[in-house]
Amino acid sequence: MQSISPTPENRLAERPLGLENVTHRVLVYTDLVALNPNRDTRPPARTLQIHLTGNMERFMWGFDGRRFSEIVEPIRFERNERVRVTLVNDTMMAHPIHLHGHFFELVNGHAGHQPLKHTVNVAPGGRLSFDLTADAPGDWAFHCHMLMHMHAGMFNVVTVRPLDAPSS
Ligand SMILES: [Cu+2]
């Protein structure tokens, strides 16, 4: 592991890299409030933690210490289950993590009006959570949107099953 962050922490209220010292106003994630109430009011039935990992020297990136070519299992969700997913960025780079097929709610302190996102930028040494209702059956890409990171391994498949259940 290269340049590992010792204690990832919630950095949603901090300005992103490069905008720390500008004089104009900078919106941060804790400023975002959904205009409409969140549709799924169920508390998460389970939690899932995923580490964003890398080796800057070898330019390898991945989830939980493995790049995609080494990952044997997709990330599985039961259809319509409600899960709180925590992303822990163990690296010293930002990773904009993107989930296809769904909008998730960023847990940013505005319960009931959590902002809907499909991509969230995880600050270096940052950790954050989103609440996901896995309401889109199928197989979906889940990856860093820095395409060089994706190609270097920070990618996995999200599988939502069953395919044929009636949606609730
Ligand atoms: Cu990345």
Side-chain angles (χ1 to χ4, degrees), residues 1-5 8-20 22 25-35 38 40 44 47-77 82-110 114-160:
M1 290 304 229
Q2 178 89 353
S3 305
I4 193 167
S5 176
E9 55 192 23
N10 185 324
R11 302 184 65 182
L12 291 179
E14 296 179 24
R15 291 176 166 201
L17 280 182
L19 295 172
E20 299 96 331
V22 297
R25 185 177 178 211
V26 174
L27 286 173
V28 296
Y29 274 127
T30 49
D31 292 325
L32 301 179
V33 182
L35 199 54
N38 295 139
D40 191 345
T47 59
L48 172 67
Q49 185 165 283
I50 299 170
H51 286 261
L52 317 181
T53 51
N55 183 314
M56 306 245 239
E57 219 162 53
R58 299 168 60 195
F59 210 78
M60 284 170 38
W61 300 99
F63 295 123
D64 292 326
R66 285 179 295 182
R67 57 181 193 263
F68 181 54
S69 59
E70 302 169 321
I71 291 174
V72 293
E73 271 293 303
I75 300 166
R76 299 180 187 280
F77 295 109
R82 180 92 167 149
V83 184
R84 177 159 294 182
V85 178
T86 296
L87 302 178
V88 182
N89 187 349
D90 292 333
T91 81
M92 295 308 287
M93 289 191 72
H95 297 285
I97 301 299
H98 178 39
L99 172 62
H100 288 223
H102 298 79
F103 284 93
F104 51 75
E105 301 164 22
L106 184 63
V107 178
N108 71 340
H110 300 292
Q114 299 182 135
L116 302 184
K117 310 290 286 180
H118 55 63
T119 306
V120 62
N121 193 40
V122 190
R127 65 182 294 144
L128 56 81
S129 298
F130 61 78
D131 290 338
L132 172 72
T133 299
D135 56 4
D139 298 319
W140 303 101
F142 177 74
H143 62 91
C144 181
H145 224 295
M146 297 273 287
L147 296 185
M148 288 177 68
H149 294 176
M150 179 181 82
H151 287 296
M154 196 174 270
F155 182 99
N156 200 356
V157 173
V158 158
T159 295
V160 179

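These values consider heavy atoms only, across backbone and side chains, with no hydrogens, waters or symmetry-generated copies. Nothing fancy with the numbering, it's 1 onward along the sequence.
- Residues passing the ring-ring contact (aromatic ring centres under 6.0 Å, His included) test with F77, sequence neighbours excluded: none.
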Go through the steps to decide whether I75 and T159 satisfy the test side chain to side chain contact (heavy atoms under 4.5 Å, CB included), and finish with yes or no.
-> CA-CA 6 Å; I75 300 166; T159 295; over 6 Å; no
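- The structure places CG of L106 at 8.5 Å from OG of S129, a figure rounded to the nearest 0.5 Å.
- A search for salt bridge (Lys or Arg N to Asp or Glu O under 4.0 Å) contacts involving D139 returns R161, not counting sequence neighbours.
- Here the closest non-hydrogen pair linking F59 and M148 is CE2-O, 3.8 Å.
- Residues that satisfy the salt bridge (Lys or Arg N to Asp or Glu O under 4.0 Å) test with E70, not counting sequence neighbours, are R67.
- Without hydrogens or angle criteria, N89 side chain to A123 main chain gives a donor-acceptor distance under 3.5 Å.
- A search for side-chain contact (heavy atoms from CB on, under 4.5 Å) contacts involving R58 returns N55, M60, not counting sequence neighbours.
- A side chain to side chain donor-acceptor pair (under 3.5 Å) with H51 is found for exactly one of T91, D64, D90, namely D90.
- Distance check, rounded to the nearest 0.5 Å: CH2 of W61 to OG1 of T53 gives 9.0 Å.
- D40 pairs by the side chain to side chain donor-acceptor pair (under 3.5 Å) definition with R42, T133, not counting sequence neighbours.
- Atom OG1 of T119 sits about 9.0 Å away from atom CD1 of I97, to the nearest 0.5 Å.
- Between V28 and L12 the shortest side-chain heavy-atom distance does not fall below 4.5 Å.
- Between atom CG of residue D131 and atom CZ of residue F104 there is a gap of 10.5 Å, rounded to the nearest 0.5 Å.
- In the model, N108 has no side-chain atom that pairs as donor or acceptor with a side-chain atom of Q114 under 3.5 Å.
- No more than 12 heavy atoms of other residues, nucleotides or ligands shown are found within 6.0 angstrom of CG on L35.
- Every residue two or more places apart in sequence or in another chain was checked for a salt bridge (Lys or Arg N to Asp or Glu O under 4.0 Å) with R15, and none qualifies.
- For residues 146-158, every residue pair satisfying the side chain to side chain donor-acceptor pair (under 3.5 Å) rule, not counting sequence neighbours, is listed here: H95-H149.
- Under a 3.5 Å cut-off, the side chain of Y29 and the backbone N or O of L128 do not form any donor-acceptor pair.
- Here the shortest heavy-atom pairing between P124 and A94 reads CG-N, 3.7 Å.
- Minimum heavy-atom separation, V22 to G18: CG1-O, 4.3 Å.
- In this view, E20 satisfies the side chain to side chain donor-acceptor pair (under 3.5 Å) rule with no residue, not counting sequence neighbours.
- When all heavy atoms of N121 and P96 are compared, the pair lying nearest together is OD1-N, 3.4 Å.
- In terms of heavy atoms, P8 sits closest to G126 at CB-O, 3.9 Å.
- Under the ring-ring contact (aromatic ring centres under 6.0 Å, His included) criterion, H118 pairs with H98, F103, not counting sequence neighbours.
- Partners of F155 according to the ring-ring contact (aromatic ring centres under 6.0 Å, His included) rule, which considers only residues two or more places apart in sequence or in another chain, are F68, H143.
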Yes or no on side chain to side chain contact (heavy atoms under 4.5 Å, CB included) for F63 and M154, after CA distance, side-chain angles and deciding distance?
-> CA-CA 6 Å; F63 295 123; M154 196 174 270; 3.7 Å; yes
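- Counting only residues at least two apart or on different chains, the salt bridge (charged side-chain N to carboxylate O under 4.0 Å, His left out) pairs with a member in residues 93-110 are R82-E105.
- Atoms CD1 and CZ, on I50 and R127 in that order, are 12.5 Å from each other to the nearest 0.5 Å.
- Contacts of E14 classified as salt bridge (Lys or Arg N to Asp or Glu O under 4.0 Å), with partners at least two apart in sequence or in another chain: R11.
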Derivation and outcome, side chain to side chain contact (heavy atoms under 4.5 Å, CB included), residues V157 and F142 | CA-CA 6 Å; V157 173; F142 177 74; over 6 Å; no
